There are 2 protein chains.
Amino acid sequence: MATKTAAQRREQARIDYDAFLRNCPTNQLLGRLSDKWVSLVVSALYAGPQRYSDIGRRIAGVSPKMLTQTLRTLERDGIVSRTVTPSVPVRVDYELTPLGQSLAGLLTAVKEWAETHFEEVRTAREQYDGENPA
Amino acid sequence: MATKTAAQRREQARIDYDAFLRNCPTNQLLGRLSDKWVSLVVSALYAGPQRYSDIGRRIAGVSPKMLTQTLRTLERDGIVSRTVTPSVPVRVDYELTPLGQSLAGLLTAVKEWAETHFEEVRTAREQYDGENPA
DNA sequence: CAGGATCCCGTCCGATACTG
DNA sequence: CAGTATCGGACGGGATCCTG
């Protein structure tokens with residue numbers, strides 16, 4: 001049979017739609033920006049250009065792996081730029097691009113919100129947990 | 001032996017420090033806010049109070065599970081409030097709390113940044129991929 | 001309508017060890 | 001100093017089915 005059933009057509013539509021969603025560009029990008037390490041790295045660089053290890057020292061608890069990984073994707077996305085100075089030992093500096101600058105203010109604001117409103121969130125949690133016994 | 005070796009002391013310090021980091025409150029909170037679904041839900045509610053299924057319809061590709069899970073944690077954190085109207089069928093409305101309102105502007109700004117600057121990021125990626133062969 | 005429960009697979013990421 | 005490589009456990013989150 002060359003014709004498809006309604007169920008088959010619906011299934012195909014669902015597959016197409018899912019593929020579209022996975023490729024949905026802006027959602028993908030938002031997913032990238034919605035990353036704890038991205039926020040922290042970009043906020044750190046907001047203070048000015050810095051070396052790899054300086055960034056690592058500024059951000060508590062980041063592993064070399066995540067730091068490199070985050071910096072690489074940010075470089076690929078045109079948000080940070082990477083400059084290698086071939087001395088001994090090697091020196092690598094990172095800084096925000098103009099595009100990155102435009103983002104940094106926003107992410108830093110979110111980070112600062114987390115810092116300033118943490119107490120309110122904490123008390124909200126306690127109240128919620130009190131009202132909703134385990 | 002009651003005394004500890006230097007290595008043991010260092011190890012203990014590392015464990016304590018790790019525990020501190022895991023509990024580091026603001027970083028934890030930032031991790032929560034740095035969530036794709038949180039951004040989308042809060043941005044959606046920024047337009048005003050809405051029903052569960054309305055939010056689901058506004059956000060492309062969200063599963064009931066993630067929607068509920070996200071709304072629950074946001075409610076627990078005092079960012080959204082949940083109102084049940086016991087009719088038939090049941091009706092549940094969500095809206096931002098004042099605390100949530102103060103956050104929503106920031107997250108919406110990030111979401112809009114992703115939408116407006118997507119093209120720049122895309123071309124940056126293409127250039128990067130061209131310069132850095134696989 | 002607004003979810004809860006369960007299964008389960010992919011990926012994230014921390015720990016560890018090695019290199020130019 | 002600034003990474004790279006690999007392993008393995010944890011967990012996010014989609015699919016599916018069920019309920020008040």
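Proteins get letters first, then strands, A, B, ... in listed order; numbering begins at 1 in each. All values below were derived from every heavy atom in this structure, side-chain atoms included, with hydrogens, water molecules and symmetry-related copies excluded. What you are looking at is a predicted structure, and each value in this text was computed from that prediction instead of being measured.
Note on B:Ser63: every side-chain N or O is 4.0 Å or more away from OP1 and OP2 of D:dG13. At C:dG4, none of the side-chain N or O atoms of B:Tyr52 fall inside 4.0 Å of OP1 or OP2 (strictly under the cut-off). The side chain of A:Arg72 contributes an N or O atom lying less than 4.0 Å from OP1 or OP2 of D:dG3. Side-chain nitrogen and oxygen atoms of A:Ser53 include at least one within less than 4.0 Å of the OP1 or OP2 phosphate oxygen of D:dA2.
Note on B:Asp77 versus A:Arg122: no salt bridge recorded, every NZ/NE/NH1/NH2 to OD/OE distance being 4.0 Å or above. We find that B:Asp93 and B:Arg82 are not joined by a salt bridge, their nearest charged nitrogen and carboxylate oxygen being 4.0 Å or further apart.
Listed candidates were D:dG14, C:dA2, D:dC1. Nearest to the side chain of A:Arg51 is D:dC1. When distances run from any side-chain atom of B:Thr68 to the nucleotides C:dA2, C:dG4, C:dG14, the shortest one goes to C:dG4.
Between B:Arg82 atom CZ and C:dC1 atom P there is a gap of 16 Å when expressed in whole angstrom units. Spacing between atom CD of A:Gln69 and atom P of D:dA2 amounts to 19 Å, rounded to whole angstrom units. In this structure, the CG atom of B:Asp35 is 13 Å from the C1' atom of D:dC11, given to the nearest Å. When rounded to the nearest whole Å, the span between CD of B:Gln28 and P of D:dC11 equals 13 Å.
Nearer to the 5' terminus of DNA chain D, by closest-nucleotide assignment, is the contact made by A:Leu71 (compared with the other of A:Leu71 and A:Lys65). Mapped onto DNA chain C by nearest heavy atom, A:Trp37 and A:Pro89 fall at different nucleotides, with A:Trp37 at the one closer to the 5' end.
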- [ ] Apply side chain to side chain contact (heavy atoms under 4.5 Å, CB included) to B:Leu67 and B:Tyr94, showing your working.
- [x] CA-CA 12 Å; B:Leu67 185 52; B:Tyr94 291 90; over 6 Å; no
